[in-house]
Amino acid sequence: MGGGGALPTRRRFGPESVFRWLTTGSGVVVLVIIVAIAVFLIAKAVPAIRADKANFLTHFQWFPDDEVPKFGIASLAIGTIYSSAIALVISVPVALGIALCLSHYAHKRLASGLGYLIDLLAAVPSIVFGLWGRDYLYLPVEQFSGWLHKYFGWIPLFGSDGPYGKSILLGALVLAIMVLPIVTSLSREVFRQTPPMNEEAALALGATKWEVVRLAVLPYSRPGLIAAVMLGLGRALGETIALALVLGGGFGVGIDIIHDGGNTIAANIANGFGEATDIGRGALIASGLVLFAITLVVNVIARAIVYRRREFLGSAV
(Lines give C-alpha, C1' and ligand atoms only; values in the text may rest on other atoms or scores of the structure.)
Protein backbone atom coordinates (compact mmCIF):
# COMPACT_ATOMS: atom_id res chain seq x y z
CA MET A 1 0.00 0.00 0.00
CA GLY A 2 1.23 3.41 -0.92
CA GLY A 3 4.31 1.99 -2.54
CA GLY A 4 5.31 1.87 -6.13
CA GLY A 5 5.04 -1.21 -8.23
CA ALA A 6 7.72 -3.86 -8.17
CA LEU A 7 10.61 -3.58 -10.59
CA PRO A 8 9.92 -5.30 -13.88
CA THR A 9 11.24 -8.81 -14.02
CA ARG A 10 14.16 -9.45 -16.28
CA ARG A 11 13.09 -11.34 -19.34
CA ARG A 12 15.22 -14.28 -20.39
CA PHE A 13 15.14 -13.29 -24.05
CA GLY A 14 14.54 -9.57 -23.70
CA PRO A 15 16.41 -6.70 -25.38
CA GLU A 16 19.16 -6.67 -22.74
CA SER A 17 19.91 -10.36 -23.26
CA VAL A 18 19.96 -9.94 -27.02
CA PHE A 19 22.31 -6.96 -26.75
CA ARG A 20 24.59 -8.85 -24.36
CA TRP A 21 24.82 -11.83 -26.68
CA LEU A 22 25.46 -9.60 -29.69
CA THR A 23 28.34 -7.78 -28.01
CA THR A 24 29.81 -11.02 -26.69
CA GLY A 25 29.51 -12.58 -30.12
CA SER A 26 31.23 -9.59 -31.73
CA GLY A 27 34.18 -9.95 -29.37
CA VAL A 28 34.42 -13.67 -30.10
CA VAL A 29 34.32 -13.01 -33.86
CA VAL A 30 37.25 -10.59 -33.56
CA LEU A 31 39.30 -13.19 -31.69
CA VAL A 32 38.39 -15.86 -34.25
CA ILE A 33 39.49 -13.59 -37.11
CA ILE A 34 42.83 -12.90 -35.41
CA VAL A 35 43.43 -16.60 -34.86
CA ALA A 36 42.41 -17.38 -38.45
CA ILE A 37 44.88 -14.80 -39.78
CA ALA A 38 47.66 -16.27 -37.66
CA VAL A 39 46.85 -19.83 -38.81
CA PHE A 40 46.81 -18.75 -42.48
CA LEU A 41 50.15 -16.97 -42.19
CA ILE A 42 51.78 -19.91 -40.40
CA ALA A 43 50.44 -22.46 -42.90
CA LYS A 44 51.74 -20.45 -45.88
CA ALA A 45 55.05 -19.54 -44.26
CA VAL A 46 56.21 -22.93 -42.98
CA PRO A 47 57.11 -24.46 -46.41
CA ALA A 48 59.24 -21.43 -47.36
CA ILE A 49 61.00 -21.37 -43.99
CA ARG A 50 61.80 -25.07 -44.35
CA ALA A 51 63.30 -24.41 -47.79
CA ASP A 52 65.41 -21.53 -46.46
CA LYS A 53 69.12 -22.42 -46.30
CA ALA A 54 69.85 -19.56 -43.90
CA ASN A 55 68.48 -18.60 -40.51
CA PHE A 56 65.19 -16.80 -41.15
CA LEU A 57 65.36 -14.74 -37.95
CA THR A 58 69.02 -13.64 -38.08
CA HIS A 59 70.03 -13.56 -41.76
CA PHE A 60 70.30 -10.06 -43.25
CA GLN A 61 69.95 -10.77 -46.98
CA TRP A 62 66.83 -11.57 -49.01
CA PHE A 63 67.25 -14.00 -51.90
CA PRO A 64 64.27 -16.40 -51.73
CA ASP A 65 64.03 -16.79 -55.51
CA ASP A 66 67.57 -18.10 -56.07
CA GLU A 67 68.28 -21.75 -56.81
CA VAL A 68 69.48 -22.04 -53.21
CA PRO A 69 67.02 -19.85 -51.26
CA LYS A 70 68.69 -17.76 -48.57
CA PHE A 71 66.66 -15.09 -46.84
CA GLY A 72 66.15 -13.61 -43.42
CA ILE A 73 63.96 -11.07 -41.69
CA ALA A 74 66.61 -9.32 -39.59
CA SER A 75 67.30 -6.26 -41.75
CA LEU A 76 63.62 -5.80 -42.63
CA ALA A 77 62.47 -6.02 -39.01
CA ILE A 78 65.14 -3.58 -37.89
CA GLY A 79 64.25 -1.17 -40.71
CA THR A 80 60.55 -1.38 -39.82
CA ILE A 81 61.09 -0.65 -36.14
CA TYR A 82 63.77 1.97 -36.79
CA SER A 83 61.77 4.04 -39.28
CA SER A 84 58.61 3.84 -37.14
CA ALA A 85 60.48 4.92 -34.00
CA ILE A 86 62.03 7.92 -35.77
CA ALA A 87 58.61 8.85 -37.17
CA LEU A 88 57.14 8.84 -33.65
CA VAL A 89 60.03 10.94 -32.31
CA ILE A 90 59.27 13.52 -34.99
CA SER A 91 55.46 13.45 -34.92
CA VAL A 92 54.42 12.88 -31.29
CA PRO A 93 55.73 16.18 -29.80
CA VAL A 94 54.16 18.12 -32.68
CA ALA A 95 50.88 16.21 -32.37
CA LEU A 96 50.64 16.77 -28.61
CA GLY A 97 51.41 20.47 -29.05
CA ILE A 98 48.70 20.84 -31.69
CA ALA A 99 46.22 18.88 -29.57
CA LEU A 100 46.89 21.06 -26.50
CA CYS A 101 46.55 24.21 -28.59
CA LEU A 102 43.21 23.09 -30.02
CA SER A 103 41.80 21.92 -26.69
CA HIS A 104 43.04 24.60 -24.27
CA TYR A 105 44.52 27.61 -26.04
CA ALA A 106 42.95 28.31 -29.44
CA HIS A 107 39.62 30.11 -29.87
CA LYS A 108 36.71 27.69 -30.10
CA ARG A 109 35.85 28.49 -33.73
CA LEU A 110 39.47 28.31 -34.86
CA ALA A 111 40.00 25.06 -32.96
CA SER A 112 36.90 23.54 -34.52
CA GLY A 113 37.98 24.44 -38.07
CA LEU A 114 41.54 23.21 -37.60
CA GLY A 115 40.23 20.03 -35.99
CA TYR A 116 38.14 19.26 -39.08
CA LEU A 117 41.17 19.82 -41.33
CA ILE A 118 43.30 17.48 -39.24
CA ASP A 119 40.60 14.81 -39.33
CA LEU A 120 40.42 15.15 -43.13
CA LEU A 121 44.20 14.79 -43.36
CA ALA A 122 43.90 11.40 -41.66
CA ALA A 123 41.63 10.23 -44.49
CA VAL A 124 44.13 10.93 -47.29
CA PRO A 125 45.21 7.63 -48.97
CA SER A 126 48.74 6.52 -48.19
CA ILE A 127 49.74 6.42 -51.86
CA VAL A 128 49.16 10.18 -52.05
CA PHE A 129 51.63 10.70 -49.21
CA GLY A 130 54.08 8.38 -50.93
CA LEU A 131 53.88 10.19 -54.28
CA TRP A 132 54.15 13.55 -52.55
CA GLY A 133 57.19 12.42 -50.59
CA ARG A 134 58.86 10.97 -53.68
CA ASP A 135 58.23 13.97 -55.94
CA TYR A 136 58.43 16.94 -53.54
CA LEU A 137 60.36 15.87 -50.44
CA TYR A 138 63.12 13.96 -52.21
CA LEU A 139 65.28 16.97 -53.21
CA PRO A 140 64.83 18.90 -49.92
CA VAL A 141 65.73 15.77 -47.93
CA GLU A 142 68.71 15.12 -50.19
CA GLN A 143 70.02 18.65 -49.60
CA PHE A 144 69.19 18.52 -45.90
CA SER A 145 71.04 15.19 -45.57
CA GLY A 146 74.17 16.74 -47.09
CA TRP A 147 73.90 19.65 -44.65
CA LEU A 148 73.49 17.28 -41.71
CA HIS A 149 76.58 15.33 -42.72
CA LYS A 150 78.61 18.49 -43.25
CA TYR A 151 77.94 19.92 -39.79
CA PHE A 152 76.96 16.86 -37.73
CA GLY A 153 78.78 14.05 -39.51
CA TRP A 154 80.56 13.16 -36.27
CA ILE A 155 77.21 11.81 -35.03
CA PRO A 156 76.68 8.21 -36.26
CA LEU A 157 73.12 9.05 -37.33
CA PHE A 158 74.48 11.40 -40.00
CA GLY A 159 77.80 9.72 -40.79
CA SER A 160 77.18 8.81 -44.44
CA ASP A 161 78.83 10.92 -47.14
CA GLY A 162 76.27 9.89 -49.77
CA PRO A 163 74.44 9.06 -51.87
CA TYR A 164 71.39 10.69 -50.31
CA GLY A 165 67.69 10.79 -51.12
CA LYS A 166 65.67 7.61 -50.69
CA SER A 167 66.72 7.04 -47.11
CA ILE A 168 65.30 6.12 -43.73
CA LEU A 169 65.06 9.87 -43.01
CA LEU A 170 62.76 10.44 -45.99
CA GLY A 171 60.65 7.42 -45.07
CA ALA A 172 60.43 8.53 -41.43
CA LEU A 173 59.32 12.03 -42.45
CA VAL A 174 56.55 10.62 -44.65
CA LEU A 175 55.48 8.29 -41.84
CA ALA A 176 55.53 11.17 -39.36
CA ILE A 177 53.18 13.21 -41.55
CA MET A 178 50.85 10.22 -41.88
CA VAL A 179 50.86 9.48 -38.13
CA LEU A 180 50.45 13.13 -37.10
CA PRO A 181 46.67 13.53 -37.71
CA ILE A 182 45.83 10.25 -35.95
CA VAL A 183 47.78 11.05 -32.79
CA THR A 184 46.58 14.67 -32.85
CA SER A 185 42.88 13.81 -33.15
CA LEU A 186 42.94 11.17 -30.41
CA SER A 187 45.05 13.33 -28.08
CA ARG A 188 42.72 16.29 -28.55
CA GLU A 189 39.72 14.19 -27.54
CA VAL A 190 41.61 12.78 -24.57
CA PHE A 191 42.56 16.27 -23.35
CA ARG A 192 38.91 17.32 -23.60
CA GLN A 193 37.92 14.51 -21.22
CA THR A 194 39.79 16.11 -18.31
CA PRO A 195 37.21 16.98 -15.60
CA PRO A 196 36.68 20.77 -15.46
CA MET A 197 36.81 20.58 -11.65
CA ASN A 198 40.46 19.50 -11.82
CA GLU A 199 41.39 22.48 -13.96
CA GLU A 200 39.29 24.92 -11.93
CA ALA A 201 40.86 23.68 -8.70
CA ALA A 202 44.35 24.28 -10.09
CA LEU A 203 43.38 27.76 -11.28
CA ALA A 204 41.86 28.56 -7.88
CA LEU A 205 45.20 27.72 -6.27
CA GLY A 206 46.93 30.27 -8.49
CA ALA A 207 48.31 27.97 -11.20
CA THR A 208 49.13 29.39 -14.60
CA LYS A 209 47.67 27.94 -17.78
CA TRP A 210 50.75 25.81 -18.39
CA GLU A 211 50.78 24.62 -14.79
CA VAL A 212 47.14 23.56 -15.17
CA VAL A 213 48.08 21.56 -18.25
CA ARG A 214 51.13 20.02 -16.58
CA LEU A 215 49.53 19.22 -13.22
CA ALA A 216 45.90 18.49 -14.10
CA VAL A 217 45.53 17.68 -17.80
CA LEU A 218 48.58 15.60 -18.67
CA PRO A 219 48.49 13.21 -15.67
CA TYR A 220 44.80 12.51 -16.18
CA SER A 221 45.27 11.99 -19.93
CA ARG A 222 48.33 9.74 -19.73
CA PRO A 223 46.66 6.38 -20.50
CA GLY A 224 44.76 7.87 -23.43
CA LEU A 225 47.94 9.46 -24.77
CA ILE A 226 49.73 6.12 -24.57
CA ALA A 227 46.90 4.52 -26.51
CA ALA A 228 47.04 7.29 -29.14
CA VAL A 229 50.80 6.95 -29.59
CA MET A 230 50.56 3.17 -29.85
CA LEU A 231 47.81 3.46 -32.45
CA GLY A 232 50.07 5.78 -34.42
CA LEU A 233 52.92 3.28 -34.03
CA GLY A 234 50.66 0.55 -35.38
CA ARG A 235 49.91 2.71 -38.43
CA ALA A 236 53.61 3.34 -38.96
CA LEU A 237 54.61 -0.32 -38.58
CA GLY A 238 52.11 -1.50 -41.16
CA GLU A 239 52.50 1.25 -43.75
CA THR A 240 53.17 -0.23 -47.18
CA ILE A 241 52.74 1.80 -50.38
CA ALA A 242 54.11 5.11 -49.13
CA LEU A 243 57.36 3.51 -47.93
CA ALA A 244 57.61 1.36 -51.05
CA LEU A 245 57.76 4.62 -53.04
CA VAL A 246 60.25 6.55 -50.91
CA LEU A 247 62.73 3.95 -49.61
CA GLY A 248 65.78 2.77 -51.51
CA GLY A 249 65.02 -0.91 -51.04
CA GLY A 250 68.42 -1.98 -49.70
CA PHE A 251 68.91 -4.67 -47.07
CA GLY A 252 71.85 -3.14 -45.24
CA VAL A 253 71.59 -2.50 -41.51
CA GLY A 254 73.08 0.52 -39.80
CA ILE A 255 72.33 3.41 -37.51
CA ASP A 256 72.81 5.96 -40.32
CA ILE A 257 69.48 7.49 -41.39
CA ILE A 258 70.61 9.68 -44.33
CA HIS A 259 72.29 7.08 -46.55
CA ASP A 260 70.32 6.02 -49.62
CA GLY A 261 68.71 2.65 -48.83
CA GLY A 262 66.65 1.01 -46.13
CA ASN A 263 63.63 -1.23 -46.31
CA THR A 264 60.71 -2.42 -44.21
CA ILE A 265 58.67 -5.59 -44.06
CA ALA A 266 55.52 -4.10 -45.59
CA ALA A 267 57.40 -2.21 -48.33
CA ASN A 268 59.35 -5.33 -49.27
CA ILE A 269 56.11 -7.31 -49.57
CA ALA A 270 54.59 -4.65 -51.84
CA ASN A 271 57.67 -4.46 -54.06
CA GLY A 272 58.35 -8.18 -54.34
CA PHE A 273 55.06 -10.05 -54.27
CA GLY A 274 54.14 -9.65 -57.94
CA GLU A 275 57.32 -11.24 -59.34
CA ALA A 276 58.00 -13.77 -56.58
CA THR A 277 58.12 -17.52 -57.08
CA ASP A 278 56.23 -19.94 -54.85
CA ILE A 279 59.04 -19.95 -52.30
CA GLY A 280 59.39 -16.18 -52.65
CA ARG A 281 55.70 -15.63 -51.92
CA GLY A 282 55.95 -17.96 -48.95
CA ALA A 283 58.94 -15.99 -47.71
CA LEU A 284 57.03 -12.73 -48.03
CA ILE A 285 54.08 -14.24 -46.16
CA ALA A 286 56.53 -15.39 -43.47
CA SER A 287 57.78 -11.81 -43.16
CA GLY A 288 54.14 -10.73 -42.84
CA LEU A 289 53.80 -13.19 -39.98
CA VAL A 290 56.71 -11.47 -38.22
CA LEU A 291 55.08 -8.08 -38.75
CA PHE A 292 51.83 -9.49 -37.36
CA ALA A 293 53.72 -10.70 -34.27
CA ILE A 294 55.49 -7.35 -33.81
CA THR A 295 52.19 -5.47 -34.00
CA LEU A 296 50.58 -7.87 -31.53
CA VAL A 297 53.47 -7.48 -29.06
CA VAL A 298 53.33 -3.67 -29.35
CA ASN A 299 49.61 -3.66 -28.55
CA VAL A 300 50.04 -6.02 -25.61
CA ILE A 301 52.81 -3.82 -24.18
CA ALA A 302 50.62 -0.73 -24.65
CA ARG A 303 47.73 -2.31 -22.76
CA ALA A 304 50.09 -3.43 -20.00
CA ILE A 305 51.42 0.12 -19.62
CA VAL A 306 47.89 1.52 -19.45
CA TYR A 307 46.66 -0.99 -16.87
CA ARG A 308 49.68 -0.44 -14.65
CA ARG A 309 48.42 3.10 -14.13
CA ARG A 310 45.10 2.12 -12.60
CA GLU A 311 44.69 5.45 -10.86
CA PHE A 312 44.06 7.04 -14.24
CA LEU A 313 41.74 4.41 -15.70
CA GLY A 314 38.80 6.78 -15.37
CA SER A 315 40.15 8.83 -18.28
CA ALA A 316 39.32 8.30 -21.93
CA VAL A 317 41.24 5.19 -22.87
Side-chain angles (χ1 to χ4, degrees), residues 75-76 78-99 101 114 117-153 155-185 187 228-229 231-272 291:
S75 62
L76 295 174
I78 292 173
T80 300
I81 297 173
Y82 196 30
S83 59
S84 299
I86 295 173
L88 287 184
V89 170
I90 296 172
S91 64
V92 168
V94 178
L96 296 184
I98 296 173
C101 177
L114 291 177
L117 290 178
I118 293 172
D119 293 338
L120 288 175
L121 186 62
V124 176
S126 60
I127 190 172
V128 175
F129 286 104
L131 292 172
W132 177 67
R134 186 192 65 179
D135 295 339
Y136 293 98
L137 281 184
Y138 177 85
L139 287 178
V141 169
E142 184 181 29
Q143 298 170 0
F144 183 57
S145 299
W147 182 85
L148 286 173
H149 175 71
K150 180 179 180 179
Y151 293 101
F152 302 98
I155 301 176
L157 286 174
F158 317 121
S160 174
D161 57 355
Y164 305 126
K166 288 190 172 183
S167 60
I168 290 292
L169 178 60
L170 177 59
L173 286 173
V174 172
L175 280 181
I177 297 170
M178 297 177 67
V179 167
L180 184 67
I182 298 174
V183 180
T184 300
S185 297
S187 300
V229 171
L231 184 60
L233 177 60
R235 170 71 187 274
L237 288 172
E239 183 48 49
T240 305
I241 298 300
L243 290 183
L245 292 172
V246 301
L247 289 180
F251 293 95
V253 177
I255 196 174
D256 196 331
I257 66 173
I258 61 175
H259 188 357
D260 194 359
N263 210 341
T264 65
I265 296 175
N268 186 58
I269 293 173
N271 287 327
L291 181 60

CA sep, side-chain torsions, deciding dist, call: Trp132, Ile177, side chain to side chain contact (heavy atoms under 4.5 Å, CB included): CA-CA 11 Å; Trp132 177 67; Ile177 297 170; 3.2 Å; yes
d(Tyr138 OH, Gln143 CD) to nearest 0.5 Å is 11.0 Å
- Query: Within the side chain of Ser91, is there an N or O that forms a donor-acceptor pair under 3.5 Å with the backbone of Val89?
  - Reply: no
Residues Leu247 and Gly261: closest non-hydrogen pair is CD2-O, 4.3 Å
- Item | 4.5 Å side-chain heavy-atom contact, Ile90 and Val94 | no
So OG of Ser145 and CD1 of Ile168: to nearest 0.5 Å the spacing works out to 11.5 Å
Correct closest heavy-atom pair for Ser187 and Ala228 would be OG-CB, 4.0 Å
>> Is there a side chain to side chain contact (heavy atoms under 4.5 Å, CB included) between Ile258 and Asp256? Walk through the geometry before answering.
In response: CA-CA 6 Å; Ile258 61 175; Asp256 196 331; 3.1 Å; yes
Closest non-hydrogen contact found for Ala244 with Asn271 is CB-OD1, 3.6 Å
When rounded to the nearest 0.5 Å, the distance separating CG of Leu169 from CG of Asp260 is 12.0 Å
Residue pair Leu131 / Tyr136, side-chain heavy-atom distance below 4.5 Å: no
Q.
For the backbone of Tyr164 and the side chain of Ser167, can you confirm whether one donor and one acceptor N or O come within less than 3.5 Å of each other?
A. no
Of all heavy-atom pairs linking Thr240 and Ala270, the shortest is CG2-CB, 3.3 Å
query: Can you tell if the side chain of Ile127 reaches within under 4.5 Å of the side chain of Leu245, non-hydrogen atoms only?
result: yes
Q) Counting distance only, does the side-chain N/O of His259 pair as donor-acceptor with the main-chain N or O of Ser160 below 3.5 Å? A) no
Closest non-hydrogen contact found for Val183 with Gly232 is CG2-CA, 4.2 Å
query = Taking Ser126 for the side chain and Ala242 for the main chain, is one N or O donor matched with an acceptor at less than 3.5 Å?
reply = no
Output for pair (Ile81 CD1, Leu76 CG), nearest 0.5 Å, gives 11.0 Å
Closest heavy-atom pair, Ala172 versus Ala87, reported as atoms and distance to 0.1 Å, is O-CB, 3.5 Å
- Side chains of Phe158 and Tyr151: does their closest heavy-atom pair fall under 4.5 Å? no
Min side-chain heavy-atom separation Phe129-Leu121 under 4.5 Å: yes
**Prompt:** Does the side chain of Val246 reach to within under 4.5 Å of the side chain of Lys166, using non-hydrogen atoms?
**Reply:** no
- Check: Ser83 and Leu175 side chains under 4.5 Å, non-hydrogen atoms: yes
To the nearest 0.5 Å, atom NE2 of His149 lies from atom CG of Asp161 at 5.0 Å
Open item on the list: Under the criterion side chain to side chain contact (heavy atoms under 4.5 Å, CB included), I'd like the reasoning laid out for Leu291 against Thr80: C-alpha separation, chi angles, the key distance, then a yes or no.
Closed with: CA-CA 9 Å; Leu291 181 60; Thr80 300; 4.2 Å; yes
Next on the checklist: Quick one: does any side-chain atom of Tyr82 pair with a main-chain N or O of Ile255 as donor and acceptor, under 3.5 Å?
Outcome noted: yes
Only residue of Val229, Leu180, Val179 satisfying side chain to side chain contact (heavy atoms under 4.5 Å, CB included) with Val92 is Val229
One should read off an interatomic distance between Thr184 OG1 and Leu114 CG, to the nearest 0.5 angstrom, of 11.0 Å
### Query
Can you tell me if Asn268 uses its side chain to pair, donor with acceptor, with the backbone of Thr264 under 3.5 Å?
no
| query | Heavy atoms, side chains only, cut-off 4.5 Å: are Ile86 and Ile257 in contact? | reply | yes
